[in-house]
Number of protein chains: 2
Amino acid sequence: MGTALNALKMLEYFSNSQPEIGLSQLSRLSGANKATTLRHLRALEEFGLIEQNPMSKSYMIGPAALRLAALREIAKPGLEGARSQMRSAMQVVGESLHLSLLEKDTLKTALVVETTQHSVRVSLDPTEIIPINATASGLCMLSFGPTFLFERLGSDPLTRYTDQTLTDPDTIRERVKLVGRAGWANSNGSYEDGVYGFASPIFGIDQIAIGTIAIAVPESRATSERLPAILSSLHTLTHELTANFGGQIPETFPTEFHPRQAVDSIPGEPRNERFQLSEGK
Amino acid sequence: MGTALNALKMLEYFSNSQPEIGLSQLSRLSGANKATTLRHLRALEEFGLIEQNPMSKSYMIGPAALRLAALREIAKPGLEGARSQMRSAMQVVGESLHLSLLEKDTLKTALVVETTQHSVRVSLDPTEIIPINATASGLCMLSFGPTFLFERLGSDPLTRYTDQTLTDPDTIRERVKLVGRAGWANSNGSYEDGVYGFASPIFGIDQIAIGTIAIAVPESRATSERLPAILSSLHTLTHELTANFGGQIPETFPTEFHPRQAVDSIPGEPRNERFQLSEGK
DNA sequence: AGTGCGTGGTTCATTTATTGAACCGTGTTA
DNA sequence: TAACACGGTTCAATAAATGAACCACGCACT
């Protein structure tokens, strides 16, 4: 059941590393018979979603993809799509959300959705540049974003915002490693006192983060029982937003987010009803 | 025959003016049964090429389009695709081809493919800005491009390049009208003496020209018997390149190019073995 | 309240297109 | 020269797509 879908699935096997695929190879990859593979390719080709290299006889994604993408942008401009996804996530977790995108070499706020459920909320300036050393989003970007961000860490002095702010490049590198394993990052008052941040990456087509999605929780609501809900929202947002922007999640990316994999805690603070984030390390 | 293709054809009905379509309406548009329409949409939705607005229940192009477009750019970057299409056209007509794209408000050379079949050929400087009043490409752009180009015609003085160059805005407007009906434009030595130019538009997603494709013929080979071949090459190039850049041909665009619809001739020159371009007017 | 119409979506017997093993011709490699 | 992998084709068997009728819902107009 679902011939059309099976045909479309042929498109899944094209990737950055393998933009052209031959008939037999695609037949092997998809597990379908060579004849059916060919039929599917022909159908896709007629529509323009597949193009055959007349020399090598191998197949690649066709120009119709561009037309559809342009139409998509009309139907749902990138940020509009992101906004509605963030809104529905906001309904679930009841906290403010914050989408930032990497522009050149700085992480900039692209979209803010504030919670409508609480009067005490984290309000963020939408014009702000996100400091890479002081926020969960920044750690995420260092871990999943372009390597140059990580490499030149510490070449410029890191600004201190609160007494929790990380300013030592080496400790930041350590945390970034943990973020890479966990898939998400958190920060506790390292940018603004009383604000707990949780962030996960949004990937581009090349499986490198193009931005982050973050949930900001005021200290008063930062109880550990709410953490699983936050993380699961974050996880689905990473997938939805990556899809929304036309990106691709790396295969190595965690399939779920574990509360115990937090990278930041409040040193010296006794375990209490607040997030106990680093006990599992 | 071709279920997958029928499913994909559902995507054809989405447009700038109609980015969201409901089930019944799409069923009517496509002529397919409502049940099959729904099945197709479901298949496309599962792949991500269709997304349903949960509120209005109507459908729109999905985020997978963006992913595919990004893959397409990897497999065949826009200009690379254009180059190979121009090469094969060059093999057919045996003349130099010239792709220009509108950048801001000037028409710039993007790609030049010179003929390999003749030693006498038209060579074009690839860094050149194409004067809109003196070339076939310019006339095409005025006719099919953004309206502001046409509207502010004559607000700046028009440069004269040869004694054939058009510098009077009113006569240019007259020619542009003809080009709009014909679908293609020609120029005879209005930019450089001895060069016959033939151009047709390349359309963007909004059915407005984003550039032009031109064939440049040296006077020595400008015989009228070669005109049909040139025009048919131009016509297929308009379609291929428009597809290559993800654009869409307007419904009103001519389905073929007629030699008699030429807009430019050599005033005063007797009819001879050269192109007799305006005799049909 | 009721009536009619348009909507999105479902059902199931009928029809029709999809499927895949085997096959062909060609080019490459050993 | 022989074996192999490639792209592509054939055709009987089969499994999937199809569409008329139908349902439930919402809305506008009497």
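Order of the sequence lines sets the chain letters (A, B, ...), proteins ahead of strands, with each chain counted from 1.
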Checklist entry - Which letters describe nucleotides 22-30 of chain C, given B = protein heavy atom under 4.0 Å from base, S = only from sugar-phosphate, - = neither? => result ---------
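Contact of the B:Asn244 side chain with the B:Arg72 side chain is registered, since non-hydrogen atoms from C-beta on lie closer than 4.5 Å. A:Phe257 is listed as a side-chain neighbour of A:Ser200, based on a closest heavy-atom distance under 4.5 Å. Inter-residue side-chain proximity for A:Glu12 and B:Arg67 is flagged as met; some heavy-atom pair is nearer than 4.5 Å. At a threshold of 4.5 Å between non-hydrogen side-chain atoms, the residues A:Ile50 and A:His40 do not count as touching.
A sub-4.0 Å separation between OP1 or OP2 of C:dG9 and a side-chain N or O of B:Tyr59 is present. Between B:Arg28 and C:dT7 there is a side-chain polar atom (N or O) within less than 4.0 angstrom of OP1 or OP2. Regarding contacts with the backbone of C:dT18, a side-chain N or O of B:Thr3 is found under 4.0 angstrom from either OP1 or OP2.
Following rounding to the nearest Å, B:Asn6 (CG) and D:dA17 (P) show an atom-to-atom distance of 12 Å. Between B:Leu26 atom CG and C:dG6 atom P there is a gap of 18 Å when expressed in whole angstrom units. One atom, CZ of B:Arg39, and another, P of C:dT15, lie 17 Å apart when rounded to the nearest Å. For the pair B:Leu38 CG and C:dT7 P, the computed distance is 15 Å after rounding to whole Å. Regarding B:Leu5, its CG atom lies at a distance of 12 Å from the P atom of D:dT18, rounded to whole Å. Look at CE on B:Met55: it is 16 Å from C1' on D:dC25, rounded to the nearest Å.
Side-chain atoms of B:Ser84 come within 3.5 Å of backbone atoms of B:Gly81 as a donor-acceptor pair (strictly under, hydrogens ignored).
In the set C:dG8, D:dT18, C:dT10, the nucleotide with an atom closest to the side chain of B:His40 is D:dT18. If you check C:dG9, D:dA17, C:dT7 against the side chain of B:Ser24, the one that comes closest is C:dT7. In the set C:dT10, D:dG7, C:dG8, the nucleotide with an atom closest to the side chain of B:Lys57 is C:dG8. Listed candidates were D:dG8, D:dT18, C:dG8. Nearest to the side chain of A:Gln52 is D:dG8.
Shown for residues 42-51 of chain B: residues whose heavy atoms fall under 4.0 angstrom of DNA chain C, namely B:Arg42.
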Checklist entry - side-chain contact (heavy atoms from CB on, under 4.5 Å) between B:Glu20 and B:Asn53: does it pass, once the steps are laid out? => result CA-CA 9 Å; B:Glu20 286 199 25; B:Asn53 185 331; 3.6 Å; yes
Item to check | Test side-chain contact (heavy atoms from CB on, under 4.5 Å) applied to B:Leu49 and B:Leu11, step by step | outcome: CA-CA 8 Å; B:Leu49 269 179; B:Leu11 298 171; 4.0 Å; yes
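Computed from C1' positions of five pairs at each end, the angle between the two local axes of the helix from C:dA1-D:dT30 to C:dA30-D:dT1 equals 40°, rounded to 10 degrees.
The residue among A:Ser56 and B:Thr36 whose nearest nucleotide of DNA chain D lies closer to the 5′ end is A:Ser56.
Shown here for A:Ala4 and B:Ala7, the closest heavy-atom pair between the two residues is CB-CB, 3.5 Å. Minimum interatomic distance between A:Val93 and A:Arg226 (heavy atoms only, all atoms of both residues): O-NH2, 2.8 Å.
Taking the ring centroids of B:Phe245 and B:Phe203, they lie at or beyond the 6.0 Å cut-off. If you look at B:Phe253 and B:Phe144, their ring centroids are closer than 6.0 Å.
Between A:His235 and A:His239, the two ring planes are tilted [angle within 30° to 60°].
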